[in-house]
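Worksheet: one structure, shown below.
Letters go in sequence order (proteins before strands), and every chain restarts at 1.
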Amino acid sequence: MRLNPEQDSAVKYVNGPCLVLAGAGSGKTRVIINKITHLIEQHGYSAKHIAAVTFTNKAAKEMRERIASSMDKSKIKGLRISTFHTLGLDVIKKEIKTLGFKQNFSLFDDQDCFSLLKELTEPELKEDKESIYQLINRISSWKNDLILPKQAMAEATDSENALYSELYMRYQNQLRAYNALDFDDLILIPTLLFKNNDEVRARWQDKIRYLLVDEYQDTNTSQYELVKSLVGKRAHFTVVGDDDQSIYSWRGARPQNLVLLSKDFPNLNLIKLEQNYRSVGCVLHAANVLIDKNPHVFDKKLKTNMEYGEPIRIIQTKNEDNEAERVIAEIIGHRFTNKTNYGDYAILYRGNHQARIFEKMLTSNRIPYKISGGTSFFSRAEIKDIMAYLRLLVNQDDDNAFLRIINTPRRQIGPATLEKLGLLSNDRHCSLFEAAFDNAFLGMINGPSKSAIQYFTRWFVELSDQVLRSDPKEAVKDLMKGIHYEDWLFETSSSPKAAEMRMKNVSELYSWVTQMLDGDDEHEPLTLAEVVSKLTLRDMMERNEEEEANNQVQLMTMHASKGLEYPYVFMVGMEEGLLPHQSSIDEDNIEEERRLAYVGITRAQQRLFLTYAKERRQYGETIMTEPSRFIEELDQKDLRWEKLGQVVPEAVRKEKNKANIANLRALLKK
DNA sequence: GAAATGTGTAGTAAC
DNA sequence: TACACATTTC
């Protein structure tokens with residue numbers, strides 16, 4: 001497809017700073033892809049000197065796939081396409097000596113940070129979950145604003161901030177002691193490093209000679225500083241963004257960075273893309289009407305040349321079970337009449353928990369589906385256990401990991417032993433693992449606990465030695481064998497079937513790990529430490545399902561859907577309290593929710609379905625709901641309401657039956 | 001020290 | 001409802 005004049009000028013402007021204000025569906029990814037190609041083919045850039053940064057792994061993956069299909073593989077070798085966090089991780093890894101960190105650090109995810117802070121704040125905040133969350137957020141925004149503990153303490157004006165900044169300091173120290181970093185550090189540390197070290201900055205400026213940033217409206221202060229450091233005075237960069245799609249302010253995103261850019265780079269070339277190539281008229285019109293209710297920084301109006309299309313269907317159902325049933329019936333029926341693929345359908349929701357019921361329904365109808373994002377896989381206990389083992393294998397100072405697995409599976413090391421160990425590690429200012437070798441500690445305990453912990457720690461030292469010196473893959477295998485995890489699963493699971501399910505998850509993780517350790521034609525082999533941090537960032541290569549993808553119904557949050565498009569989109573749970581989310585209503589932050597709805601709507605190419613349930617179960621009780629205000633804000637002439645009591649169209653029912661019979665036949669054949 | 005039973009609370013979103 | 005966490009019993 002040819003580029004329009006605006007897209008073309010965005011691609012061809014390469015010798016200075018460039019801001020592309022790109023409305024939804026205006027082909028911004030195409031601009032990025034073409035620009036990378038253009039830089040390589042017309043301007044002699046080598047792929048390894050170009051970096052493109054996105055915000056989600058899904059977007060990065062999408063971009064990698066698209067560039068791979070548009071260019072010769074050999075030409076894009078070394079091209080960096082990653083999330084900000086992965087880029088930060090790469091910098092830290094490469095500059096580990098300059099930074100003075102130990103070789104193998106752990107990456108703490110939100111939950112690790114939570115449990116660390118819980119321990120840390122025991123005296124001050126007690127069991128108060130609420131304030132721990134508050135503290136986490138405060139620390140995160142300090143980090144995103146490049147404010148270090150000392151500065152936070154100095155600037156604290158009230159007692160609360162004094163306490164929080166003090167705890168921030170302790171938190172940082174504790175992370176250091178664990179040899180661990182949190183996600184915000186992945187941005188903060190490189191940013192500060194570049195700021196303070198001219199030599200390193202120059203080296204990276206030479207490494208990354210052209211930078212492209214997607215979804216620029218999602219950058220926070222620290223990320224913007226990182227961008228500025230990397231591009232330097234040369235300012236060879238392109239950022240693409242849309243303030244109407246700013247949906248990450250809770251992560252510290254500053255859409256004002258779009259405006260700041262023209263102040264920091266007076267010669268900024270600003271290009272607007274207003275031609276939409278994605279959606280039919282009625283979908284685009286609905287989106288425009290909705291977003292018009294929000295204030296705007298930049299004026300822009302999206303146009304489309306596509307036909308007006310069929311009206312948006314608003315489907316009311318009795319409850320969430322019926323909602324899922326109904327959506328799936330629609331998909332089955334629609335696919336049957338239109339000879340489409342399952343991959344043409346996306347189900348978008350506000351919160352990850354909403355996926356469960358759809359998953360159940362899809363499974364029982366034997367419809368292939370793919371849930372992306374969410375934490376479900378990694379929040380499973382068995383996966384957390386194995387991850388903790390791997391983390392400890394990489395970094396024995398990681399007390400969080402140590403505590404999680406030291407007695408899982410059971411090995412006679414209980415609270416009493418651990419308390420003594422904890423006391424000693426406090427005394428000696430060392431990790432629990434190290435303290436376990438201390439004679440003072442060993443003198444305090446006896447019997448089975450003593451030999452158990454000695455056996456365990458010695459074995460682990462051997463294993464980690466094997467990781468570093470010889471064969472990490474073999475070490476992981478030995479680890480898996482040595483912990484007899486399968487036995488433990490069968491012992492503790494409610495049923496053998498459940499145990500098998502969990503073991504399947506473990507094998508899945510194991511096969512990812514070995515694949516990543518091995519590498520393949522497109523991926524370098526990684527160290528175990530790299531594998532573990534990639535897994536923590538959910539930045540793993542997804543293989544083997546490339547082909548299936550177009551035959552799987554796509555399920556994801558609206559956040560995760562940004563940048564993607566599907567012929568048929570279902571936005572489910574369109575209810576007050578869900579979208580807009582209750583907490584956003586409480587905090588009077590409707591605008592961001594409206595942008596989120598806007599993002600969801602603009603994913604649809606052909607047809608859009610909005611569904612809501614009249615009642616919904618919540619914490620075991622059933623509550624009545626109200627349709628989302630965003631439905632009412634749309635232009636009613638674009639909508640076709642289908643309230644309860646109206647019969648499911650005969651055709652749909654027939655097709656569902658047919659499909660079910662076909663499924664049954666297929667099943668019987670097997 | 002481990003298993004069984006009771007109690008309270010409810011993760012917005014993603015790296 | 002469903003799950004993590006605390007308490008009790010073996």
Side-chain angles (χ1 to χ4, degrees), chain A residues 53-60 82-89 107-111 113-115 118 127 129-130 132-133 136-137 140 143-144 181-188 215 218-220 222-223 246-253 320 348-357 372-376 378-381 384 407-418 445 447-449 452 491-492 494 533-540 556-562 573 577-587 589 592-593 595-596 599-600 616-623:
Chain A
V53 183
T54 65
F55 281 81
T56 61
N57 289 310
K58 202 163 172 50
S82 70
T83 62
F84 259 105
H85 289 85
T86 298
L87 175 64
L89 179 65
L107 248 190
F108 273 22
D109 67 15
D110 298 354
Q111 287 186 30
C113 297
F114 185 90
S115 54
K118 203 174 155 193
E127 296 278 296
K129 257 187 174 175
E130 197 63 21
I132 297 179
Y133 278 121
I136 286 185
N137 289 332
S140 179
K143 288 191 174 186
N144 289 331
L181 303 177
D182 66 19
F183 284 154
D184 294 321
D185 286 336
L186 294 182
I187 314 292
L188 176 74
E215 310 286 7
D218 294 333
T219 50
N220 60 38
S222 160
Q223 285 160 335
S246 157
I247 52 175
Y248 285 102
S249 71
W250 50 274
R251 229 168 90 180
E320 72 269 33
L348 308 182
Y349 35 80
R350 176 64 230 261
N352 280 307
H353 65 276
Q354 287 170 267
R356 272 185 77 163
I357 192 151
S372 13
T375 45
S376 56
F378 283 90
S379 65
R380 290 169 188 279
K384 285 204 234 164
N407 206 28
T408 305
R410 304 256 130 87
R411 44 175 82 84
Q412 323 289 331
I413 301 167
T417 310
L418 287 177
I445 55 167
S449 297
E491 257 170 58
T492 52
S494 51
S533 44
K534 291 230 168 220
L535 286 169
T536 310
L537 284 174
R538 312 287 133 84
D539 178 23
M540 50 273 204
M556 71 197 83
T557 64
M558 292 177 201
H559 280 89
S561 76
K562 190 156 63 135
L578 266 179
L579 181 71
H581 194 272
Q582 189 57 47
S583 46
S584 299
I585 298 174
D586 296 342
E587 288 159 31
N589 188 16
E592 179 143 319
E593 296 288 305
R595 289 193 291 269
L596 187 57
V599 166
R616 190 172 285 272
R617 263 199 313 276
Q618 203 173 44
Y619 312 138
E621 57 175 356
T622 304
I623 54 158

Determine the interplanar angle of the A:F183 and A:H85 rings, folded into 0 to 90°, and report it as parallel if under 30°, tilted if 30 to 60°, perpendicular if over 60°.
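A:F183 vs A:H85 ring planes: perpendicular.
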
Results of salt bridge (charged side-chain N to carboxylate O under 4.0 Å, His left out) for [X] - residues two or more places apart only:
X      : result
A:E215 : A:K28, A:K562
A:D539 : A:K534
A:R616 : A:E323, A:E575

Can you give me the N/O atom pairs linking the protein to nucleotides 13-15 of chain B at distances under 3.5 Å, or say none if there are none?
{"unit_1": "B:dA13", "atom_1": "OP1", "unit_2": "A:N352", "atom_2": "N", "d": "3.1"}
{"unit_1": "B:dA13", "atom_1": "OP1", "unit_2": "A:N352", "atom_2": "ND2", "d": "3.4"}
{"unit_1": "B:dA13", "atom_1": "N3", "unit_2": "A:W250", "atom_2": "NE1", "d": "3.2"}
{"unit_1": "B:dA13", "atom_1": "N3", "unit_2": "A:R350", "atom_2": "NH2", "d": "2.7"}
{"unit_1": "B:dA14", "atom_1": "OP1", "unit_2": "A:T557", "atom_2": "OG1", "d": "3.1"}
{"unit_1": "B:dA14", "atom_1": "OP2", "unit_2": "A:N352", "atom_2": "ND2", "d": "3.1"}
{"unit_1": "B:dA14", "atom_1": "O4'", "unit_2": "A:R251", "atom_2": "NH1", "d": "3.3"}
{"unit_1": "B:dC15", "atom_1": "OP1", "unit_2": "A:N57", "atom_2": "N", "d": "3.1"}
{"unit_1": "B:dC15", "atom_1": "O3'", "unit_2": "A:T83", "atom_2": "OG1", "d": "3.2"}
{"unit_1": "B:dC15", "atom_1": "O3'", "unit_2": "A:H85", "atom_2": "ND1", "d": "3.2"}
{"unit_1": "B:dC15", "atom_1": "O2", "unit_2": "A:H85", "atom_2": "NE2", "d": "3.3"}
{"unit_1": "B:dC15", "atom_1": "N4", "unit_2": "A:D110", "atom_2": "OD1", "d": "3.0"}
{"unit_1": "B:dC15", "atom_1": "N4", "unit_2": "A:D110", "atom_2": "OD2", "d": "2.5"}

When you compare the protein's N or O atoms with those of nucleotides 7-10 of chain C, which come within less than 3.5 Å of each other, and at what distance?
none

Between N or O atoms, less than 3.5 Å apart, protein on one side and nucleotides 3-6 of chain B on the other: list the pairs.
{"unit_1": "B:dA3", "atom_1": "OP2", "unit_2": "A:R410", "atom_2": "NH1", "d": "2.1"}

Spacing between [X] atom [atom1] and [N] atom [atom2], to the nearest angstrom:
X      : N      : atom1 : atom2 : result
A:Y133 : B:dT9  : OH    : P     : 14 Å
A:F378 : B:dG11 : CZ    : C1'   : 18 Å
A:R356 : C:dT1  : CZ    : P     : 13 Å
A:I132 : C:dA4  : CD1   : C1'   : 15 Å
A:Y619 : B:dT9  : OH    : P     : 13 Å
A:D109 : B:dG11 : CG    : P     : 16 Å
A:K118 : B:dG11 : NZ    : C1'   : 14 Å

Tell me every residue that passes side-chain contact (heavy atoms from CB on, under 4.5 Å) with [X], counting only those two or more places apart in sequence or in another chain.
X      : answer
A:S82  : A:T86, A:L87
A:Y133 : A:F114
A:S533 : A:L89, A:L107
A:T408 : A:D385, A:W488

Under the side chain to side chain donor-acceptor pair (under 3.5 Å) test, residues paired with A:R411 that sit two or more places apart
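A:Y389.
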
Return the set of residues passing side chain to side chain donor-acceptor pair (under 3.5 Å) with A:S583 (not counting sequence neighbours), or none when no residue passes.
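Result, side chain to side chain donor-acceptor pair (under 3.5 Å) vs A:S583: A:H581.
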
Which residue lies toward the 5' end of DNA chain B, A:R411 or A:E587, if each is placed at its nearest nucleotide?
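Result of the comparison: A:R411.
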
Side-chain donor-acceptor pair under 3.5 Å between A:E593 and A:N589, yes or no?
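A:E593 vs A:N589: no donor-acceptor pair found between side chains.
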
